[in-house]
Amino acid sequence: MSKVEFPWGGLASEPLCVADFQVEGGIMAMGRSPFGERRIGYVTGGEFQGERLSGAILPGGGNWSQSGEIEGGLAIGTFDARSIWRTHDGATIYVSYTGRSAIPAEVTAQFRDPAAPPVDPARYYLRIAPVFETSDLRYAWLNGVLAVGCGERMPWGVRHAIFAIR
Amino acid sequence: MTSGGSTLPVRELCTVRIELAAGAPLALGRSPWRNRRVSDIAGGRFTGPRLAGTVRPSGADWSESGVNAAGDGVTLIDVRSVWTTDDGAEIYVTYAGRLVAPAATLEAFRDPARVETLTADSYRFRIVPTFETSAERYGWLNELVAVGFGRRTAAGVEYALFEVL
């Protein structure tokens, strides 16, 4: 097969913010319905910080994910999340994202072991694709951004390093 | 509540009372695409011949609102919530819907102190819930479509839900 030429060069991005999503109530594992296995986590708070964008993540959003598994015990999940952010200068932003998680069985085991040290995020895969919606004219530019977040699991929730795609 | 003179076959499912969080709705303002208002769920109860329990706190109505040509308020309802039966089953409940408040009722409708003075037939509030649960004894919920007749209360909403047969 001949090499495929990609226009655009590489995928260009720039850092947008680091967002800490607190999920203090834990994840509700809904079990297996005829449709699949849903896991629901509600956002209890958090913050986001970046050069152009900083503030608080309000409680009340969540992630209504579906979990599954592929061969070898790799746990594969979807993201279907909604969240509301408020900047320090008072703008309210609706943030929604899809995404994928892929966690090897041995990493899941370490997550479940309270005595295990934090796992290197390079050993698992949490990737989200946020879009933003705001009526605030100072942040109107954010409506036109597609972002990608790379996630790291924390004791209190998830930290995403979010990049705006150019 | 009945389905009127229609021949649509329905069976009572339950009544639901939901309290919204203080400060609801959070108005997000008009983005380039829509005017969103988010109402967080503080809790509630559902009661029916085949199921009863509590509406869990969290979850919300991620509603979008607009105005039609006559000046009526038209709201698109988009709810995700979790209900817990008294015997411990968790049910994921989602519903779309429409709420139409005629222009003349809008002021009273938006005032928690006055909304209950409006008769239920002075505005139209309809939802279509579906359910998802892993609890085998409530598996029948996975298989139905429901219709709900709603009314606003000072604290939130009440629905009469019917299973569409």
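No hydrogens, no waters, no symmetry mates; every other heavy atom, side chains included, goes into these values.
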Q: Hey, what do you get for CZ (A:Phe111) to OG1 (A:Thr108), rounding to the nearest 0.5 Å?
A: 7.0 Å
Q: Got a sec, which hydrophobics cluster with A:Leu74, joining ILVMFWY side chains under 4.5 Å apart, including via others?
A: A:Ile70, A:Ile76
Q: So which part of B:Ile91 gets closer than 4.5 Å to some heavy atom of chain A, the side chain, the backbone, both or neither?
A: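 For B:Ile91, the backbone is the part near chain A, not the side chain.
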Q: Below 3.5 Å only, please: all the donor-acceptor pairs between chain A and chain B, one per line.
A:
| from | atom 1 | to | atom 2 | distance (Å) |
| --- | --- | --- | --- | --- |
| A:Met30 | O | B:Ser134 | OG | 2.7 |
| A:Arg38 | NE | B:Glu132 | OE2 | 2.8 |
| A:Arg38 | NH2 | B:Glu132 | OE1 | 3.1 |
| A:Asp80 | OD1 | B:Arg80 | NH1 | 3.3 |
| A:Asp80 | OD1 | B:Arg80 | NH2 | 3.3 |
| A:Asp80 | OD2 | B:Arg80 | NH1 | 3.4 |
| A:Asp80 | OD2 | B:Arg80 | NH2 | 3.2 |
| A:Arg82 | NH1 | B:Asp78 | OD2 | 3.2 |
| A:Arg82 | NH2 | B:Asp78 | OD2 | 3.1 |
| A:Glu133 | OE1 | B:Arg36 | NH2 | 3.3 |
| A:Glu133 | OE2 | B:Ser31 | OG | 3.3 |
| A:Glu133 | OE2 | B:Arg36 | NE | 3.2 |
| A:Ser135 | OG | B:Leu28 | O | 2.9 |

Q: Which answer fits B:Val82, side chain, backbone, both or neither, if we ask what part of it has an atom under 4.5 Å from a heavy atom of chain A?
A: both
Q: Would you check, one step at a time, whether the test side-chain contact (heavy atoms from CB on, under 4.5 Å) holds for B:Val16 with B:Val55?
A: CA-CA 8 Å; B:Val16 191; B:Val55 176; 4.1 Å; yes
Q: Taking ring pair (Phe, Tyr, Trp, His ring centres under 6.0 Å) as the test, write out the residues that go with A:Phe35, two or more places apart.
A: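 Per chain and number, A:Phe35 pairs via ring pair (Phe, Tyr, Trp, His ring centres under 6.0 Å) with no residue.
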Q: With rounding to the nearest 0.5 Å, note down the distance linking SG in A:Cys17 to CD1 in A:Ile162.
A: 4.0 Å
Q: Can you confirm whether A:Ile128 sits close enough to A:Thr98 that some side-chain heavy atom of one is under 4.5 Å from a side-chain heavy atom of the other?
A: no
Q: Pick one of side chain, backbone, both or neither for A:Ile93, based on which atoms fall under 4.5 Å of a heavy atom in chain B.
A: neither
Q: What pairs with A:Arg166 under salt bridge (Lys or Arg N to Asp or Glu O under 4.0 Å), at least two apart in sequence or on another chain?
A: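 Expected list: A:Glu14.
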